[in-house]
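First the proteins, then the strands, lettered A, B, ... as listed; each starts at 1.
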Amino acid sequence: MPELPEVETLRRDLDPEIVGREILKGWISENAPRLVQGMPPQVFLDSLARRRFTGTSRRGKYLVLELDDGTAFILHLRMTGQLLLVDPQSVVDPYARARFWLDDGRELRFRDVRKFGTMWHVADRELVLHRLGLEPLSDEFTTAALYAALARRAAPVKAVLLDQHVIAGLGNIYVDEALHLARVHPLAPARDLSRRQAGAIREGAVRVLEQALSNRGSSFRDYVDSRGRPGSNVQHLRVYKRTGEPCLSCGREIVRTLAGGRSTHYCPGCQRRPRRRATRRVAGAGV
DNA sequence: CTTATTCCCTGATTGC
DNA sequence: TGCAATCAGGGAATAA
């Protein structure tokens, strides 16, 4: 599942390869009716033809390919999307959903087993990105900002951290990892957390993302880079998909539960379920 | 505004 | 062993 580190790895690899290249022609599979957002596929293809890549950027899990007319080609890989730079002669398997032939003889190919992936061509990228929250590897991701966001939500902290309107780029893997580093229980109501805990979550998230980035991402089943290679971060994960295995900090067995509708892994030794804040009724303050 | 639920999609996993 | 039911999961849409 591509999250921020996987998308950023892809961006860094792709940038020097595609900047300066022109899209000669494109193709969208008939079998991918939801892939192109906001316009019919043929209009999308016509508007991208003969455009040249001028740069790349990333916002949360969105990859932004900047074009020479000031527009942006934006992609979201969702669950199983892959963006590959290939030889056009290479076998086109049934999961190829889009193909873009470049002027250096190579092809940018979008593969996606589950068809959740989406792409846009927009003049104003904010049309796609404007609702996203804090960018976790930027200066805006401060303890104060995170604490303020957590303080107004009653939902489990895990659910809030997964909400892209709060923080953009964390997914199921790295939220579990960040909470373990921060020693915060995933089901703790977000608004019950202290400023100190918010700070620990911020630090945990940054550390986990930077480590994943240095290992070129976590590959379970589908994630591969633009050359089809998996990342190596799985072997560095502390809790995610380690149910029943010993915690690397305290030795207790990692537990799996459900939070925010997602499978959630944590260490019951390191991440204590918060005692419900003593809801003491102040004498005489009857409601 | 918030929160919970449903949906999209298909290979892998689980259950009988 | 075989087949059907369930699961996984990002995020949008919908309901309350």
Side-chain angles (χ1 to χ4, degrees), chain A residues 1-8 10 28-39 58-64 74-83 93-98 110-120 122 125-136 148-179 186-193 205 209 212 217-224 230 233-234 237 239-244 256-266:
Chain A
M1 308 119 246
E3 304 179 21
L4 185 154
E6 290 76 26
V7 178
E8 179 63 15
L10 198 55
I28 302 288
S29 167
E30 305 269 335
N31 191 23
R34 296 165 194 276
L35 175 57
V36 175
Q37 301 283 305
M39 60 180 79
R58 179 194 53 73
R59 181 78 170 92
K61 305 175 191 175
Y62 292 76
L63 178 63
V64 180
I74 304 181
L75 300 95
H76 197 302
L77 305 177
R78 297 289 160 90
M79 301 293 299
T80 58
Q82 301 173 343
L83 190 59
D93 74 25
Y95 305 117
R97 309 298 182 193
F110 183 71
R111 257 188 107 244
D112 188 14
V113 170
R114 292 201 195 160
K115 298 195 267 192
F116 285 178
T118 41
M119 39 183 81
W120 297 258
V122 287
R125 70 193 64 185
E126 287 306 308
L127 285 174
V128 178
L129 309 175
H130 73 280
R131 292 154 65 97
L132 293 172
L134 300 169
E135 190 61 42
L150 295 175
R152 70 178 103 88
R153 301 281 296 266
V157 60
K158 159 115 186 198
V160 178
L161 296 177
L162 281 175
D163 185 343
Q164 303 299 297
H165 305 113
V166 177
I167 303 175
L170 293 182
N172 212 27
I173 298 172
Y174 300 116
V175 166
D176 281 3
E177 295 296 309
L179 287 173
L187 294 176
R191 65 182 177 196
D192 289 354
L193 298 180
L209 292 173
S218 302
S219 299
F220 281 95
R221 190 164 305 150
D222 298 292
Y223 174 72
V224 291
N233 195 242
V234 167
L237 298 179
V239 289
Y240 187 78
K241 286 268 171 92
R242 292 193 64 241
T243 311
R256 179 178 178 277
T257 183
L258 224 53
R262 296 289 179 249
S263 68
T264 296
H265 313 77
Y266 69 98

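Leu162(A) is not listed as a side-chain neighbour of Leu170(A), based on a closest heavy-atom distance of 4.5 Å or more.
A perpendicular orientation is assigned to the rings of His265(A) and Tyr240(A), their planes being inclined by more than 60° (bins at 30° and 60°).
Listed in residue order, the members of residues 161-170 of chain A having a heavy atom less than 4.0 Å from DNA chain B come to none.
Between His130(A) atom NE2 and dA12(C) atom P the separation is 10 Å, expressed in whole Å. With rounding to whole Å, Arg78(A) atom CZ is found 16 Å from dA8(C) atom C1'. In this structure, Leu75(A) atom CG and dG10(C) atom C1' are separated by 15 Å, rounded to whole Å. The interatomic distance linking Arg256(A) (CZ) with dT13(B) (C1') rounds to 12 Å, in whole Å.
Across all strands shown, Ser263(A) has heavy atoms under 4.0 Å from sugar-phosphate atoms exclusively, and none from any base. When heavy atoms are screened at a 4.0 angstrom cut-off, Tyr240(A) is found touching the sugar-phosphate backbone but no base atom.
Of the side-chain N and O atoms in His76(A), none sit less than 4.0 angstrom from OP1 or OP2 of dG10(C).
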Starting at the 5' end of nucleotides 6-11 of chain B, put B wherever the base has a protein heavy atom under 4.0 Å, S where only the sugar-phosphate does, and a dash everywhere else.
--BBBS

Would you tabulate the pairs of protein nitrogen or oxygen atoms and nucleotide nitrogen or oxygen atoms of nucleotides 3-5 of chain B closer than 3.5 angstrom?
unit_1	atom_1	unit_2	atom_2	d
dT3(B)	OP1	Ala154(A)	N	2.6
dT3(B)	OP1	Ala155(A)	N	3.2
dT3(B)	OP2	Arg153(A)	NE	2.3
dT3(B)	OP2	Arg153(A)	NH2	3.4

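Toward the 5′ end of DNA chain C lies the nearest nucleotide of Met79(A), the other residue of the pair Arg131(A) and Met79(A) mapping further downstream.
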